[in-house]
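Notes for the one structure printed next.
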Amino acid sequence: MPTYKHLLFEEQNQIATITFNRPKALNALNQELLQELAGLLDVIAGNEDWRVLVLTGAGEKAFVAGADITELATLNALQGKYFAKLGQDVINRLQHLPIPVIAAVNGYALGGGSEMALACDFIYAADSAMFGLPEINLGLIPGFGGTQRLARLIGRNRAKELIFTGRMVKADEARDIGLVNKVCPADALMDEVLKTAALMAQKGKVSLRAAKQAINKGLDVDLATGCEIERDAFALCMASDDAKEGTTAFLEKRPAEFKGRLNE
Ligand code: CAA
């Protein structure tokens, strides 16, 4: 594995973990970090062994406190557009990663940090976590997909209120509005995330990927087209050894042992 200046990478029991690692700047996203993340996500996308990816932040204070404002402050309009494109491209890559991604939000997830978490498949948060899109306070708007993904996840009007005011929400409120799946005591967060990741890692690789793709692609189209996407994904699963093993194991009253290969 290559080494990274601003990211830590670990892998255990088929679960990969990326830790944003600029704790002195509350893990703010500078261009170098975003470029490193793009490269690492490509490595993960091409690896057959890792079943689930977890994202978290170094230190106790922040997941990611946003795009790096010291860099932002120096950009002109054209450079700002490039910066937003860089962030959006990386975050799109994260959303479309074939394996499930869990955000373990252990503190501030602001601006680009919330936008990163929004592109994950779901979010678990420490009870100390704070979410927000405070760009309005900088005379800006979210530039890494926040205006789009937040409205899609929690609804147009709630998203507008949060983006227009820049108000931060605590973990409990984030759960109540559907942004966060689960809130845990801070010291139990990683255990809870890894427990859920391990549960998913035992499932069939083909069906896990197919479920993720069907849900993601289906959300961008009408219901009939979404059901067509689901049928194709279902057929792909039927062609896998995993489906043969899963159905046979059920009928033989034994636990399934998924190997995750397509049959010939
Ligand atoms: N960029 C660069 N540095 C940052 C940062 C950021 N987004 N957030 C925090 N830091 C730095 C601080 O400048 C400070 O550095 P120094 O010690 O060198 O002074 C260090 O991290 C610790 O931060 P604070 O002293 O401010 O800590 P605090 O506990 O008083 O406050 C905070 C914590 C409320 C998160 C506060 O740091 C804050 O408001 N940060 C900025 C949040 C923000 O506006 N994010 C949006 C960025 S723009 C964006 O993301 C655009 C986009 O959509 C792409």
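FYI, side chains are in, hydrogens and waters are out, and symmetry mates aren't considered; it's all heavy atoms of this structure. For ligands, and for the atoms within them, numbers begin at 1 and follow the listed sequence.
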Heavy-atom protein neighbour under 4.0 angstrom from atom 30 (O) of ligand 1
no
Per-atom contacts, ligand 1 versus P142 - under 4.0 Å to a heavy atom
53 (O)
May I ask whether L138 places a heavy atom under 4.0 Å from ligand 1?
yes
Using every non-hydrogen atom in the two residues, find where L179 and L118 come nearest and quote the distance to one decimal.
CD1-CD2, 3.5 Å
For ligand 1 and K61, I'd like to know whether there is a polar contact (N/O to N/O, distance under 3.5 Å).
yes
Is A67 in polar range of ligand 1, meaning some N or O pair under 3.5 Å apart?
yes
Under a 4.0 Å threshold between the charged nitrogen and the carboxylate oxygen, would D121 count as salt-bridged to K212?
yes
Answer yes or no for A25: is there a heavy-atom contact with ligand 1 below 4.0 Å?
yes
Non-hydrogen protein atom less than 4.0 angstrom from atom 16 (P) of ligand 1:
no
Centroid separation Y4 to F9 less than 6.0 Å:
no
Going by an N to O cut-off under 4.0 Å, is there a salt bridge joining E173 and R167?
yes
Selection from M168, R22, K24, E135 by shortest heavy-atom distance to atom 14 (C) of ligand 1
K24
Closer than 4.0 angstrom: is that true for some heavy atom of P134 and an atom of ligand 1?
yes
Should R149 and Q95 be marked as a side chain to side chain donor-acceptor pair (under 3.5 Å) after you check the CA-CA gap, both sets of side-chain angles, and the distance that decides it?
CA-CA 11 Å; R149 288 195 180 88; Q95 178 170 339; 2.5 Å; yes
Flag, side chain of N13 to backbone of I15, donor-acceptor distance under 3.5 Å:
no
Within 6.0 Å of CD in E252, more than 12 heavy atoms from elsewhere:
yes
Does E36 pair with K5 as a salt bridge, N-O distance under 4.0 Å?
no
So which bit of L72 gets within less than 4.0 Å of ligand 1, heavy atoms only: side chain, backbone, both or neither?
side chain
Can you tell me which portion of N137 lies within the under-4.0 Å heavy-atom range of ligand 1? Options are side chain, backbone, both, or neither.
neither
Taking the side chain as every heavy atom from C-beta outward, state whether L162 and L133 have any atom pair closer than 4.5 Å.
no
Counting from 1, what ligand 1 atoms have a heavy atom of F144 closer than 4.0 Å?
53 (O), 54 (C)
Are F144 and F83 an aromatic pair by the rule of ring centers under 6.0 Å?
yes
In the protein, which heavy atom is nearest to atom 39 (O) of ligand 1, and how far is it?
L110 CD1, 4.6 Å
Can you confirm whether E11 is buried at CD, in the sense that more than 12 heavy atoms of other residues, nucleotides or ligands lie under 6.0 Å from that atom?
yes
Any non-hydrogen protein atom less than 4.0 Å away from atom 21 (O) of ligand 1
yes
Give a yes or no on whether atom 25 (O) of ligand 1 lies under 4.0 Å from any heavy atom of the protein.
no
Check whether any side-chain heavy atom of V64 sits under 4.5 Å from a side-chain heavy atom of E115, and report yes or no.
no
Mark whether atom 47 (C) of ligand 1 lies under 4.0 angstrom from at least one protein heavy atom.
yes
Shortest protein contact, atom 41 (C) of ligand 1 (heavy atom only)
I69 CD1, 3.8 Å
Residue part near ligand 1, for E115, under 4.0 Å between non-hydrogen atoms
side chain
Nearest protein heavy atom with distance in Å, relative to atom 23 (O) of ligand 1:
L26 CD1, 3.7 Å
Side chain or backbone, does A28 bring an N or O within less than 3.5 Å of an N or O on ligand 1?
no
Atom 35 (C) of ligand 1 protein-contacted (non-hydrogen atom, under 4.0 angstrom)
yes
Considering only heavy atoms from C-beta outward, does the side chain of V105 approach that of L189 to under 4.5 Å?
no
Counting only heavy atoms on the protein side, is anything nearer than 4.0 Å to atom 7 (N) of ligand 1?
yes
Tell me whether M130 reaches ligand 1 (any heavy atom closer than 4.0 angstrom to a ligand atom).
no
Lys/Arg N to Asp/Glu carboxylate O, D191 vs K195, below 4.0 Å
no
Does the distance from a Lys or Arg side-chain N to an Asp or Glu carboxylate O, for R22 and D68, drop under 4.0 Å?
yes
For atom 44 (O) of ligand 1, state whether the nearest protein heavy atom is under 4.0 Å away.
yes
Does A65 approach ligand 1 within less than 4.0 angstrom via side chain, backbone, both or neither, non-hydrogen atoms only?
both
